[in-house]
There are 2 protein chains.
Amino acid sequence: MVETTRRQAIEDAASSLFHEHGYSGTSVRDIARAVDIQGASLYAHVTSKEAVLQAIVDRAATRFEVAADAAEAAAANERPGDPVHAMAALVRAHVHVVADDVGDAGVFVHEWRSLGPEARDAILARRDAYEARFRHLIEEGIAVGAFGLVDPALAATVILTALNGIPTWYDPDGRLTADRIADHLVGLVGRMLACETL
Amino acid sequence: MVETTRRQAIEDAASSLFHEHGYSGTSVRDIARAVDIQGASLYAHVTSKEAVLQAIVDRAATRFEVAADAAEAAAANERPGDPVHAMAALVRAHVHVVADDVGDAGVFVHEWRSLGPEARDAILARRDAYEARFRHLIEEGIAVGAFGLVDPALAATVILTALNGIPTWYDPDGRLTADRIADHLVGLVGRMLACETL
DNA sequence: CCTACCGATCGGTAGG
DNA sequence: CCTACCGATCGGTAGG
């Protein structure tokens with residue numbers, strides 16, 4: 001990671017610390033040590049510990065949204081009205097966002113609970129909208145007979161939960177590359193939703 | 001929950017607090033307040049905060065193991081050599097253990113990282129053994145042609161990750177009962193692993 | 001199970 | 001970005 005600003009370096013360090021030890025399990029001095037400054041000096045760059053968390057969660061949410069927008073647009077262009085193809089693109093995009101920054105993804109998934117009420121509500125709304133992409137695609141797929149008769153809301157939650165778990169086990173140096181993981185997940189999710197009379 | 005001992009009441013209170021706010025985000029005084037005693041009085045019943053976490057994680061692990069043992073034994077008895085049936089039983093058992101105590105399940109899934117090195121290693125071994133049940137069943141199902149050609153390790157991780165996410169969204173007063181959720185998950189997981197030429 | 005208390009650490013501020 | 005420092009809270013102990 002090439003940091004352009006000190007502020008970004010702090011957020012990057014905090015991201016992996018929050019991911020590894022949780023927000024409550026990380027002190028501002030832990031973050032400061034990771035960027036080689038004194039604990040109190042952190043406040044020359046950030047206003048509070050919670051503001052750092054909010055910045056991380058915000059940028060992570062934006063990355064997921066941007067990637068999903070691009071994936072859905074590309075899928076609609078390549079194969080209009082094909083929810084199977086669109087779902088595959090969405091899953092693939094998600095896997096790559098996670099793999100690009102496991103810390104951010106993990107914090108986005110687990111640590112938003114530590115935000116204050118307003119910030120938490122805002123991020124929950126974005127999470128809901130993101131999950132709705134999956135649900136709507138499933139509903140569309142059922143309507144056109146491409147998917148079997150699953151409960152769309154439950155299926156969307158299960159798929160997203162499986163995707164959200166990736167930061168807890170993904171290893172950049174592991175057996176499978178992000179691309180291969182995406183391939184497998186596209187297959188697993190595809191079959192999970194498949195119309196049984198295929 | 002009917003508590004037989006004060007110790008159990010403390011663990012139950014700690015379980016839901018750890019689940020809601022995390023281990024680091026919960027103070028011993030938070031736990032004490034939940035059982036209406038002074039913070040320091042907690043130490044008349046437990047030796048340390050970490051010992052409470054360990055007790056919760058231990059009992060949760062045992063519940064998952066006992067339920068999986070029973071499910072696999074019953075499945076082997078009902079339909080010997082049928083990995084599809086065995087997988088369904090395993091998934092169903094898991095869902096019910098989670099639904100029976102969402103707090104314990106959530107702590108088991110997320111908070112074991114806060115344990116000391118020895119306890120953490122011990123619980124990791126039990127988690128690995130539990131995941132291996134799923135992996136072995138998938139390998140068996142592929143061998144007998146009941147499942148498609150998925151990557152067994154990856155599929156087991158994805159399934160378990162989806163199951164592990166249940167404590168984060170399950171609501172006892174929600175739209176779906178634990179039984180219905182189990183039905184749906186059995187179907188989703190079954191299709192996910194299905195031999196494509198069914 | 002309580003009161004009283006311990007040293008350590010917490011997030012954050014003042015003033016340079 | 002540093003030193004010096006703040007009040008609050010942390011997990012835990014002593015002694016009853």
Side-chain angles (χ1 to χ4, degrees), chain A residues 3-58 103 107 110-120 123, chain B residues 3-58 103 107 110-120 123:
Chain A
E3 337 281 5
T4 54
T5 68
R6 204 88 178 108
R7 166 85 184 251
Q8 209 172 78
I10 290 169
E11 286 170 10
D12 289 343
S15 179
S16 57
L17 286 168
F18 290 169
H19 175 52
E20 224 173 321
H21 308 289
Y23 177 77
S24 304
T26 304
S27 71
V28 293
R29 280 151 182 91
D30 290 333
I31 301 169
R33 193 179 309 117
V35 293
D36 270 312
I37 58 174
Q38 294 299 314
S41 304
L42 214 70
Y43 291 88
H45 303 98
V46 302
T47 56
S48 71
K49 186 189 173 190
E50 197 193 314
V52 175
L53 175 61
Q54 194 172 339
I56 295 166
V57 169
D58 270 340
V107 172
H110 290 116
E111 304 302 327
W112 56 268
R113 291 158 202 272
S114 296
L115 290 169
E118 327 84 46
R120 188 171 58 231
I123 203 68
Chain B
E3 335 281 4
T4 53
T5 68
R6 205 86 177 106
R7 166 84 184 251
Q8 208 171 80
I10 290 168
E11 286 170 9
D12 289 343
S15 178
S16 57
L17 286 168
F18 290 167
H19 175 53
E20 224 173 322
H21 308 290
Y23 177 77
S24 303
T26 304
S27 72
V28 293
R29 279 152 182 90
D30 290 332
I31 301 168
R33 194 180 307 116
V35 292
D36 271 312
I37 58 175
Q38 294 298 313
S41 305
L42 213 69
Y43 290 88
H45 302 98
V46 302
T47 55
S48 71
K49 187 189 173 190
E50 198 193 313
V52 176
L53 174 61
Q54 194 172 339
I56 295 166
V57 170
D58 271 340
V107 172
H110 291 114
E111 304 302 325
W112 55 270
R113 290 159 204 272
S114 297
L115 289 169
E118 327 83 46
R120 188 171 58 232
I123 204 68

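Each chain gets a letter, A, B and so on, in the order the sequences are listed, and its residues count up from 1.
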Engineer: With the side chain of B:Ile37 defined as its heavy atoms from C-beta on, choose the nearest nucleotide among D:dC1, C:dG12, C:dC1.
Structural biologist: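 Looking only at side-chain atoms, B:Ile37 lies closest to C:dC1.
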
Engineer: Drop me the distance from B:Ile31's CD1 to B:Leu17's CG, to the nearest 0.5 angstrom.
Structural biologist: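 If I round to the nearest 0.5 Å, the distance is 6.5 Å.
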
Engineer: Rounded off to whole Å, could you give me the NZ-to-C1' distance for the B:Lys49 and D:dG11 pair?
Structural biologist: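 Rounded to the whole Å, the gap is 8 Å.
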
Engineer: With a 4.0 Å heavy-atom cut-off, tell me which residues in residues 112-119 of chain B come close to DNA chain D, sorted by residue number.
Structural biologist: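 When residues 112-119 of chain B is checked for heavy atoms under 4.0 Å from DNA chain D, there are no hits whatsoever.
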
Engineer: Who passes ring pair (Phe, Tyr, Trp, His ring centres under 6.0 Å) against A:His110, sequence neighbours left out?
Structural biologist: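 With neighbours one apart ignored, the set is B:His110.
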
Engineer: Residues two or more places apart in sequence or in another chain: which of them pass side chain to side chain donor-acceptor pair (under 3.5 Å) with A:Arg7?
Structural biologist: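 For A:Arg7 the side chain to side chain donor-acceptor pair (under 3.5 Å) partners, ignoring immediate neighbours, are A:Glu11.
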
Engineer: Show the distances under 3.5 angstrom between N or O atoms of the protein and N or O atoms of nucleotides 13-16 of chain D.
Structural biologist:
none

Engineer: Taking side chain as C-beta onward, heavy atoms only, is A:Ile56 less than 4.5 Å from A:Glu111?
Structural biologist: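 Contact flag for A:Ile56/A:Glu111 side chains = no.
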
Engineer: Please name all residues satisfying salt bridge (charged side-chain N to carboxylate O under 4.0 Å, His left out) with B:Arg29, sequence neighbours left out, ordered by chain then number.
Structural biologist: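 Per chain and number, B:Arg29 pairs via salt bridge (charged side-chain N to carboxylate O under 4.0 Å, His left out) with no residue.
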
Engineer: Salt bridge (charged side-chain N to carboxylate O under 4.0 Å, His left out) with B:Arg120: which residues, sequence neighbours excluded?
Structural biologist: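 B:Arg120 satisfies salt bridge (charged side-chain N to carboxylate O under 4.0 Å, His left out) with no other residue.
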
Engineer: Only Watson-Crick and G-U wobble pairs with both distances less than 3.5 Å should count. Give DNA chain C in dot-bracket notation, marking inter-strand partners with |.
Structural biologist: ||||||||||||||||

Engineer: Send over the distance from B:Gln38 CD to D:dT9 P, rounded to a whole Å.
Structural biologist: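 Taking atom P of D:dT9 as the reference, CD of B:Gln38 is at 15 Å.
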
Engineer: Mind calculating the distance between CG (B:Leu42) and P (D:dG11) to the nearest angstrom?
Structural biologist: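 Taking atom P of D:dG11 as the reference, CG of B:Leu42 is at 10 Å.
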
Engineer: Taking DNA chain C as the partner, which of residues 18-34 of chain A come within under 4.0 angstrom of it by heavy atom?
Structural biologist: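 Those residues whose heavy atoms fall under 4.0 Å from DNA chain C, taken from residues 18-34 of chain A in numerical order, are A:Thr26, A:Ser27, A:Val28, A:Arg29.
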
Engineer: Whole angstrom is fine here: how far is it from CD1 in B:Ile10 over to C1' in D:dG12?
Structural biologist: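 Going from CD1 in B:Ile10 over to C1' in D:dG12 covers 15 Å.
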
Engineer: What's the shortest heavy-atom distance between B:Leu42 and B:Val28, and which atoms?
Structural biologist: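 The answer is CD2-O, 3.7 Å.
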
Engineer: Could you pull out the closest heavy-atom pair between B:Val35 and B:Ala13, with the gap in Å?
Structural biologist: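 Shortest heavy-atom contact: CG1-CB, 3.9 Å.
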
Engineer: Which side chain to side chain donor-acceptor pair (under 3.5 Å) pairs, counting each pair once, include a residue from residues 43-52 of chain B, with sequence neighbours left out?
Structural biologist: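 Output for this query is empty, none listed.
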
Engineer: Does anything in residues 14-35 of chain B form a ring pair (Phe, Tyr, Trp, His ring centres under 6.0 Å)? List the pairs, not counting sequence neighbours.
Structural biologist: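 Every ring pair (Phe, Tyr, Trp, His ring centres under 6.0 Å) pair that includes a residue of residues 14-35 of chain B, provided the two are not neighbours, is B:Phe18-B:Tyr23.
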
Engineer: D:dC1 P sits how many Å from A:Arg7 CZ, rounded?
Structural biologist: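 Between P of D:dC1 and CZ of A:Arg7: 14 Å.
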
Engineer: Looking only at heavy atoms, which two atoms of A:Ser15 and A:Gly103 are closest? And how far apart?
Structural biologist: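 Closest approach of A:Ser15 to A:Gly103: OG-C, 3.2 Å.
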
Engineer: Without decimals, in angstroms, what is the distance between B:Glu50 CD and D:dG11 P?
Structural biologist: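 Roughly 12 Å, once rounded to whole Å.
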
Engineer: Could you note down all residue pairs passing salt bridge (charged side-chain N to carboxylate O under 4.0 Å, His left out) where residues 36-47 of chain B supplies at least one of them, sequence neighbours left out?
Structural biologist: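 Every candidate salt bridge (charged side-chain N to carboxylate O under 4.0 Å, His left out) pair involving residues 36-47 of chain B fails, so no pair, neighbours aside, qualifies.
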
Engineer: Among residues at least two apart in sequence or on other chains, which ones pass salt bridge (charged side-chain N to carboxylate O under 4.0 Å, His left out) with A:Arg33?
Structural biologist: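 By the salt bridge (charged side-chain N to carboxylate O under 4.0 Å, His left out) rule, A:Arg33 matches A:Asp30.
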
Engineer: Output the rounded distance in Å from NE2 (B:His45) to C1' (D:dG12).
Structural biologist: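 Going from NE2 in B:His45 over to C1' in D:dG12 covers 16 Å.
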
